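Report on the structure given below.
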Amino acid sequence: KLKKKIFPFMFKKKVFLEMDFSKAKKGYVREPHHDAPNKILAFLIYLNDIENKNKEGGSFEIYKYKKKEKNYLQTPKLNKLKLVKKIYPKKGTLIIFLSNPFSVHGVEKYKPLKKNSRYFIYGSYGSYFNIDWKN
């Protein structure tokens with residue numbers, strides 16, 4: 001309520017776009033998670049390739065729940081998930097996905113053989129309010 005009083009112009013629109021440019025160095029990893037509860041759609045754009053996929057890691061990982069849960073935690077326990085797919089960064093690749101409690105994803109630990117970095121753009125459409133996703 002306080003935000004609405006201080007920043008009323010922000011709440012006239014229900015959806016916003018945010019983007020950031022990221023550089024992942026050696027050791028970068030993201031545990032399986034789903035994005036914030038106000039996110040609607042998320043996307044990644046890879047700006048470079050990974051040279052040796054099998055040894056360098058750095059893949060975008062997609063998970064699904066092994067069974068229906070009562071509560072979908074933002075960072076679920078690994079033993080409740082099944083790895084479905086790995087997508088290795090390739091220059092110009094665009095990945096788009098609904099950002100809901102069931103779209104669990106992460107990043108495999110990045111271990112470049114040289115002093116390479118993993119460059120990408122992360123973007124999302126979000127709401128100023130949390131989304132109530134249904135199963």
Side-chain angles (χ1 to χ4, degrees):
K1 291 181 182 181
L2 182 62
K3 287 181 189 176
K4 284 184 180 181
K5 287 182 182 180
I6 297 172
F7 305 107
F9 63 91
M10 289 176 63
F11 293 92
K12 289 181 182 175
K13 296 185 177 163
K14 295 183 179 8
V15 177
F16 62 88
L17 168 67
E18 68 178 345
M19 293 176 63
D20 67 56
F21 170 81
S22 296
K23 176 182 177 182
K25 297 180 181 178
K26 183 177 184 175
Y28 177 79
V29 65
R30 287 296 315 262
E31 71 283 347
H33 67 284
H34 68 81
D35 294 337
N38 69 318
K39 302 297 182 193
I40 301 165
L41 188 80
F43 61 90
L44 293 165
I45 303 170
Y46 290 118
L47 303 175
N48 67 323
D49 298 335
I50 286 183
E51 292 179 23
N52 189 333
K53 298 174 191 172
N54 296 328
K55 293 183 182 177
E56 294 194 23
S59 69
F60 178 76
E61 299 177 323
I62 300 170
Y63 294 87
K64 73 176 187 178
Y65 284 94
K66 291 179 181 176
K67 62 182 185 174
K68 190 173 180 176
E69 298 288 322
K70 288 183 182 178
N71 295 315
Y72 293 93
L73 301 174
Q74 191 163 359
T75 308
K77 296 185 186 227
L78 201 51
N79 65 353
K80 295 187 177 264
L81 302 172
K82 177 182 177 186
L83 178 62
V84 176
K85 186 170 186 150
K86 289 184 174 195
I87 302 171
Y88 286 93
K90 183 174 175 162
K91 184 177 180 178
T93 298
L94 169 66
I95 300 170
I96 303 172
F97 56 96
L98 281 177
S99 185
N100 60 40
F102 323 109
S103 56
V104 178
H105 56 280
V107 177
E108 174 185 34
K109 187 172 185 177
Y110 182 47
K111 309 167 292 223
L113 300 176
K114 302 175 187 170
K115 287 192 175 190
N116 295 331
S117 294
R118 182 179 173 269
Y119 297 95
F120 60 99
I121 294 171
Y122 166 82
S124 69
Y125 284 95
S127 169
Y128 289 104
F129 309 97
N130 289 347
I131 308 298
D132 184 18
W133 293 96
K134 303 291 181 202
N135 278 337

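Because only heavy atoms are used, hydrogens play no part in the values below, and waters and symmetry mates are left out as well, while side chains stay in. Residue numbers start at 1 and run along the sequence shown. Small disclaimer: the values here were computed from a predicted structure and weren't measured.
Panel note: side chain Lys64, backbone Val84; no donor-acceptor pair is recorded below 3.5 Å. With hydrogens and angles ignored, the 3.5 Å screen pairs a side-chain donor or acceptor of Asn48 with a backbone N or O of Ser117. Side-chain N or O atoms of Asn100 include one that pairs as donor or acceptor with a backbone N or O of Phe102 at under 3.5 Å. Of the possible polar contacts, none joining the Ser22 side chain to the Ile121 backbone as a donor-acceptor pair under 3.5 Å is found.
Inter-residue side-chain proximity for Glu56 and Lys111 is flagged as unmet; no heavy-atom pair is nearer than 4.5 Å. When side chains are defined from C-beta on, Ser124 does not count as touching Phe43, because their heavy atoms never get closer than 4.5 Å. For the pair Leu94 and Leu44, the minimum side-chain heavy-atom distance is 4.5 Å or more. Proximity of Tyr65 to Tyr72: side-chain heavy atoms (C-beta onward) are separated by under 4.5 Å at one or more points. Looking at His33 and His105, their side chains come closer than 4.5 Å, going by heavy atoms from C-beta outward.
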Give the intermediate values and the outcome of side chain to side chain contact (heavy atoms under 4.5 Å, CB included) for residues Ile87 and Ile95. CA-CA 9 Å; Ile87 302 171; Ile95 300 170; 3.9 Å; yes
For Thr75 and His34, run side chain to side chain contact (heavy atoms under 4.5 Å, CB included): C-alpha distance rounded to whole Å, both residues' side-chain angles, the deciding distance at 0.1 Å, then the answer. CA-CA 7 Å; Thr75 308; His34 68 81; over 6 Å; no
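With Phe60 as the partner, the ring-ring contact (aromatic ring centres under 6.0 Å, His included) test is satisfied by one option alone out of Phe97, Tyr46, Tyr88: Phe97. When each of Phe129, Tyr128, Phe16 is paired with Asn38, the side chain to side chain contact (heavy atoms under 4.5 Å, CB included) condition holds for Phe16 and for no other.
Surrounding NZ of Lys114 are at most 12 heavy atoms belonging to other residues, nucleotides or ligands under 6.0 Å away.
Counting all heavy atoms, side chain and backbone alike, Ser103 lies closest to Leu98 at OG-O, 2.7 Å. When all heavy atoms are compared, the tightest approach of Val15 to Ile40 is CG2-CD1, 4.2 Å. Looking at every heavy atom in both residues, Lys25 comes nearest to Tyr110 through O-CD2, 3.5 Å. Residue Ser99 comes nearest to Asp35 through the heavy atom pair OG-CB, 3.2 Å, listed as atom of the first residue, atom of the second, then distance. Residues Gly57 and Glu108 approach most closely at CA-OE1, 3.3 Å, considering heavy atoms. Taking all atoms of both residues into account, the shortest heavy-atom contact from Ile96 to Leu41 is CG2-CD1, 3.9 Å.
Cation-pi geometry between Arg30 and Tyr28 is not met at under 6.0 angstrom from the ring centre and within 45 degrees of the axis.
Inspection of the Glu61 and Tyr63 side chains reveals an N or O donor paired with an N or O acceptor under 3.5 Å.
A distance of 13.5 Å separates NZ of Lys77 from CD of Glu31, quoted to the nearest 0.5 Å.
Using bins of under 30°, 30° to 60° and over 60° for the plane-to-plane angle, the ring pair Tyr119/Phe21 lands in the parallel bin.
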